[in-house]
Amino acid sequence: MNITRRSALGALGLAALPQMARAQASFPDQPVRMVVPFAAGGPADTIARLISRVMSERLGRPVVIDARAGAGGLIGVDLIAKSRPDGHSLVLASSGAIVIQPHLQPSMPYDALRDLTPITQVLGVPQIVSVAPGLGPKNMAELVALAKARPGQLAFGSAGIGSSLHMAGELLKIRAGVDITHVPYRGAAPAVTDLLAGRIQILMADAPALIGHVRAGTLPALAVTSADRLGILPDVPTAVESGVPGMVSETWYGLLGPAGIPADRVAVLLAAAQAALADEQTKAALLNQGGRIVGSSPAEFAAFIRETHATWGEVVRTTGVKLE
């Protein structure tokens, strides 16, 4: 190639730069769909509606909530995994469909580590460890001692097989070396009802499901399963502080898109999501859900997904949990 031709091509390349910048600046050029893979009115729906307000303002386009409930979140996540990777389709997924169900389902419709683009983890919601009124234990050490003294006799409830509440109980069995019996329910609410009635002895439920009872004094909070104490329960120790090493469990919510979204578009979506999480009104409402606000980078979120995917895979293999 002669110098004149190279110069001409270089000039064309330089001339194209403003066009490329304009193309990037035009994203999004249509409404952004945010799939919520659970029923309207639940925690995921609430979180999506809270962050979509500021995201819409930041993006200059409406962020439209699209509820696609079913199969524990798999239907909605699969829909996004198979969408065009142009950044206009996202899912607010929870941990179950990304890092737990892949170890339980004999055939997954998508590969959570390959078919999705992590954008940011929005919120982490730890569980509160509680026991039935009158059971006796006032802290985790006493609960573990009671469970070891009565192997197989204490029952813990969950929101269903494979739910994060179920996995928290299985993790406790491994980390504390106890034998407790799983009782699945159709959601956390009926499990809380049976805990109050003493029909089950232990429940590790997401903070919003128990915080009202803890504040009212009708149920005790022995520990929280987060890495750090919760701001809404500053006097309640973590399970790790209480002598159960590695007992860290959360139901988390994060924004993901289909694999292959261009990096510049991911950056635009990330900035909009982080702006929402920095908004004082949104932040207060999210913290009121009993969680911790994250706002991680795509790389951090991807690493977190791989880490928790491996953790729950270990739990499933060790305990032999199966879908019934």
Just verifying a value: how many Å separate [X] [atom1] and [Y] [atom2], rounded to the nearest 0.5 Å?
X: Leu195; Y: Leu219; atom1: CG; atom2: CG; value: 5.0 Å
X: Glu241; Y: Met140; atom1: CD; atom2: CE; value: 12.0 Å
X: Trp252; Y: Ser94; atom1: CH2; atom2: OG; value: 7.5 Å
X: Leu92; Y: Ile65; atom1: CG; atom2: CD1; value: 8.0 Å
X: Ile161; Y: His182; atom1: CD1; atom2: NE2; value: 6.5 Å
X: Asn288; Y: Leu50; atom1: CG; atom2: CG; value: 10.0 Å

Going by side-chain contact (heavy atoms from CB on, under 4.5 Å), name the residues that satisfy it together with Pro262, two or more places apart in sequence or in a different chain.
Asp264, Arg265

State, yes or no, whether a side-chain contact exists between [X] and [Y] at a heavy-atom distance under 4.5 Å.
X: Val236; Y: Leu230; answer: no
X: Leu165; Y: Met204; answer: no
X: Leu104; Y: His166; answer: no
X: Thr117; Y: Pro85; answer: no
X: Arg33; Y: Ser89; answer: yes
X: Leu116; Y: Ile98; answer: yes
X: Val131; Y: Gln201; answer: no
X: Leu269; Y: Leu255; answer: no

Identify whether the distance between the nearest side-chain nitrogen and carboxylate oxygen of Glu314 and Arg175 falls below 4.0 Å.
yes

So does [Y] get a backbone contact from the side chain of [X], meaning a donor-acceptor N/O pair under 3.5 Å?
X: Thr181; Y: Gly152; value: yes
X: Thr120; Y: Ser296; value: yes
X: Asp115; Y: Asp111; value: yes
X: Asp206; Y: Pro208; value: no
X: Lys82; Y: Pro109; value: yes
X: Thr282; Y: Ala278; value: no
X: Gln121; Y: Gly254; value: no

Under the salt bridge (Lys or Arg N to Asp or Glu O under 4.0 Å) test, which residues partner Arg58, sequence neighbours left out?
none

Any chain of hydrophobic side-chain contacts (each under 4.5 Å) joining [X] to [Y]?
X: Met167; Y: Phe304; answer: yes
X: Tyr253; Y: Ile128; answer: no
X: Val54; Y: Leu286; answer: no
X: Phe156; Y: Leu203; answer: no
X: Ile180; Y: Val183; answer: no

Which atom names give the shortest non-hydrogen contact between [X] and [Y], and what distance separates them?
X: Arg229; Y: Thr238; result: N-CG2, 3.7 Å
X: Pro234; Y: Gly231; result: CD-O, 3.4 Å
X: Val240; Y: Gly246; result: CG2-N, 4.0 Å
X: Val178; Y: Leu172; result: CG2-O, 4.0 Å
X: Val77; Y: Ala97; result: CG2-CB, 3.9 Å
X: Ala112; Y: Pro102; result: CB-CG, 4.5 Å

As a quick check of understanding, evaluate side-chain contact (heavy atoms from CB on, under 4.5 Å) for Ile232 and Arg215, giving each step before the final call.
CA-CA 10 Å; Ile232 58 172; Arg215 286 172 172 164; 3.7 Å; yes

Test side-chain contact (heavy atoms from CB on, under 4.5 Å) on Glu250 and Leu123; report intermediate values, then the result.
CA-CA 10 Å; Glu250 288 184 325; Leu123 197 70; over 6 Å; no

Is the closest side-chain donor-acceptor distance between Gln127 and Ser249 under 3.5 Å?
yes

Go through it in stages, so that I can follow the logic: the residues are Ser95 and Thr308, the test is side-chain contact (heavy atoms from CB on, under 4.5 Å), and I'd like the CA-CA distance, side-chain angles, deciding distance and then a yes or no.
CA-CA 9 Å; Ser95 46; Thr308 53; over 6 Å; no

Take His88 and Phe27, measure what side-chain contact (heavy atoms from CB on, under 4.5 Å) needs, and give me the verdict at the end.
CA-CA 9 Å; His88 290 99; Phe27 172 77; 3.8 Å; yes

Atom CG of Asp228 with >12 non-hydrogen neighbours under 6.0 angstrom
no

Within a radius of less than 6.0 Å around CZ of Arg84, do more than 12 heavy atoms belonging to other residues, nucleotides or ligands occur?
no

